[in-house]
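Take a look at the structure set out below.
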Amino acid sequence: MDRNEALSKFTDAAVEVLAVDPSKVTLEASFSDDLGADSLDWSNWSWPRRGVRHRSRRDELKDIRTVGEAFELIYAKL
């Protein structure tokens, strides 16, 4: 899967899970400040339904603050 396709799927998942406008989901967007997410339950992300498989441990995700950080971590594991 190329980077653009993966980013599109990641954005779709963020929009669905966080119930935000797609235009707000940018790589620079902060989950808490820009998208209003108090905490992220990564198990709710719908990547498997979108045909994307990844393995990220919760300890890897605890310091994630932005959409870009989350995407890069997951994309590196695809």
Side-chain angles (χ1 to χ4, degrees):
M1 174 179 311
D2 74 20
R3 183 178 175 79
N4 289 333
E5 182 182 359
L7 182 57
S8 177
K9 290 175 185 285
F10 186 87
T11 300
D12 290 347
V15 167
E16 181 180 321
V17 171
L18 301 173
V20 295
D21 186 280
S23 67
K24 291 187 175 192
V25 183
T26 64
L27 293 176
E28 299 80 22
S30 161
F31 283 109
S32 60
D33 297 336
D34 301 321
L35 302 178
D38 291 333
S39 64
L40 293 177
D41 182 353
W42 292 87
S43 64
N44 286 337
W45 284 64
S46 55
W47 280 83
R49 289 197 323 239
R50 298 180 196 291
V52 177
R53 297 187 187 280
H54 69 90
R55 293 188 186 273
S56 294
R57 296 185 332 253
R58 288 196 185 276
D59 62 320
E60 293 177 305
L61 302 171
K62 69 179 177 164
D63 294 324
I64 297 295
R65 301 289 177 250
T66 68
V67 170
E69 291 171 352
F71 173 72
E72 292 301 333
L73 176 69
I74 293 172
Y75 185 68
K77 295 177 178 286
L78 295 179

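Annotation: side-chain contact (heavy atoms from CB on, under 4.5 Å) contacts of N4 (sequence neighbours excluded): D2. Under the salt bridge (Lys or Arg N to Asp or Glu O under 4.0 Å) criterion, E5 pairs with no residue, sequence neighbours left out. Considering only residues two or more places apart in sequence or on other chains, S8 meets the side-chain contact (heavy atoms from CB on, under 4.5 Å) condition with D12. Residues satisfying the side-chain hydrogen bond (donor to acceptor under 3.5 Å, both in side chains) criterion with E69, sequence neighbours excluded, are absent altogether. Under the side-chain hydrogen bond (donor to acceptor under 3.5 Å, both in side chains) criterion, D33 pairs with no residue at all, not counting sequence neighbours.
Summarising the geometry of D34 relative to K24, their closest heavy-atom pair is O-CD, 4.4 Å, with the distance given to 0.1 Å. Nearest heavy atoms, A70 versus F10: CB-CZ, 3.6 Å. In terms of heavy atoms, L35 sits closest to L18 at CD1-CD1, 3.9 Å. Residues T26 and V67 share a closest heavy-atom pair of O-CB, 3.1 Å. Of all heavy-atom pairs spanning D21 and V15, the tightest one is C-CG2, 4.5 Å.
Under the 4.5 Å side-chain criterion, counting only non-hydrogen atoms from C-beta, F31 is not in contact with T66.
Counting only distance, with no hydrogens or angles, the side chain of Y75 and the backbone of L7 share no donor-acceptor pair below 3.5 Å.
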